[in-house]
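Remember, it's a predicted structure, so these values are computed and weren't measured experimentally.
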Amino acid sequence: MPSQSAMPSAAAGRVLEVSGQGEELLFMLFPHLRGLRVGQVEDTGDAVVIRACCRARQARCPACGAVSSRVHGGYGRVVADGAAGGRPVLIALS
């Protein structure tokens with residue numbers, strides 16, 4: 001029989017959509033995420049992945065400095081945060 005630590009979490013593979021009170025609870029646990037719009041939290045078994053994007057309605061172009069409220073392009077990044085429940089927390093930003 002595998003050891004308890006080798007067994008996957010009962011919630012592994014579970015994806016939760018986040019809105020309203022769920023988002024406020026998440027911000028209580030991770031206040032530094034308040035500037036982001038959190039869409040999903042996923043339990044992969046090995047880690048907890050928080051999928052989020054920027055809340056800002058406007059941004060300044062890094063090339064010319066013009067302010068725009070229209071998205072002209074984008075890319076994703078994954079950053080590591082502290083641990084939760086003994087597992088790493090990854091923040092997937094888009």
**Qualifying residues under salt bridge (Lys or Arg N to Asp or Glu O under 4.0 Å), relative to Arg60, sequence neighbours excluded** = none
**Request:** Compare every heavy atom of Ala83 with every heavy atom of Val89, then report the nearest pair and how far apart it is.
**Result:** CG2-C, 4.2 Å
**Prompt:** Can you list the residues that meet the side-chain hydrogen bond (donor to acceptor under 3.5 Å, both in side chains) rule with Arg70, with sequence neighbours excluded?
**Reply:** His72
**Message:** Less than 4.5 Å apart, side chain to side chain, heavy atoms only: is that true for Met28 and Glu23?
**Reply:** no
**Complete:** Distance col, row Phe30:CZ vs Ile91:CD1, nearest 0.5 angstrom, shows 7.5 Å
**Prompt:** What are the two closest heavy atoms between Leu33 and Phe27, and how far apart are they?
**Reply:** O-CE2, 3.3 Å
**Request:** State which residues pass side-chain hydrogen bond (donor to acceptor under 3.5 Å, both in side chains) with Glu17; sequence neighbours excluded, sorted by chain then number.
**Result:** Gln40
**Request:** Determine whether more than 12 heavy atoms belonging to other residues, nucleotides or ligands lie under 6.0 Å from atom CD of Gln58.
**Result:** yes
**Item:** In one Ile/Leu/Val/Met/Phe/Trp/Tyr side-chain cluster, 4.5 Å: Val78, Val41
**Value:** no
**Request:** Kindly compute the distance separating CG (Leu16) from CD1 (Ile50), expressed to the nearest 0.5 Å.
**Result:** 11.5 Å
**Message:** List the residues meeting side-chain hydrogen bond (donor to acceptor under 3.5 Å, both in side chains) with Asp81, not counting sequence neighbours, and say none if there are none.
**Reply:** His32
**Asked** For Leu36 and Arg55, which heavy atoms make the closest approach, and how far apart are they?
**Response** O-NE, 3.0 Å
**Item:** Non-neighbouring partners of Ala47 that pass side-chain contact (heavy atoms from CB on, under 4.5 Å), sequence neighbours left out
**Value:** Thr44, Pro88, Leu90
**Complete:** Taken in chain and number order and not counting sequence neighbours, the residues that satisfy side-chain contact (heavy atoms from CB on, under 4.5 Å) with Cys53 are Arg37, Ser94
**Asked** Does Leu93 share a hydrophobic cluster with Val48, counting links as ILVMFWY side-chain heavy atoms below 4.5 Å and allowing steps through other members?
**Response** yes
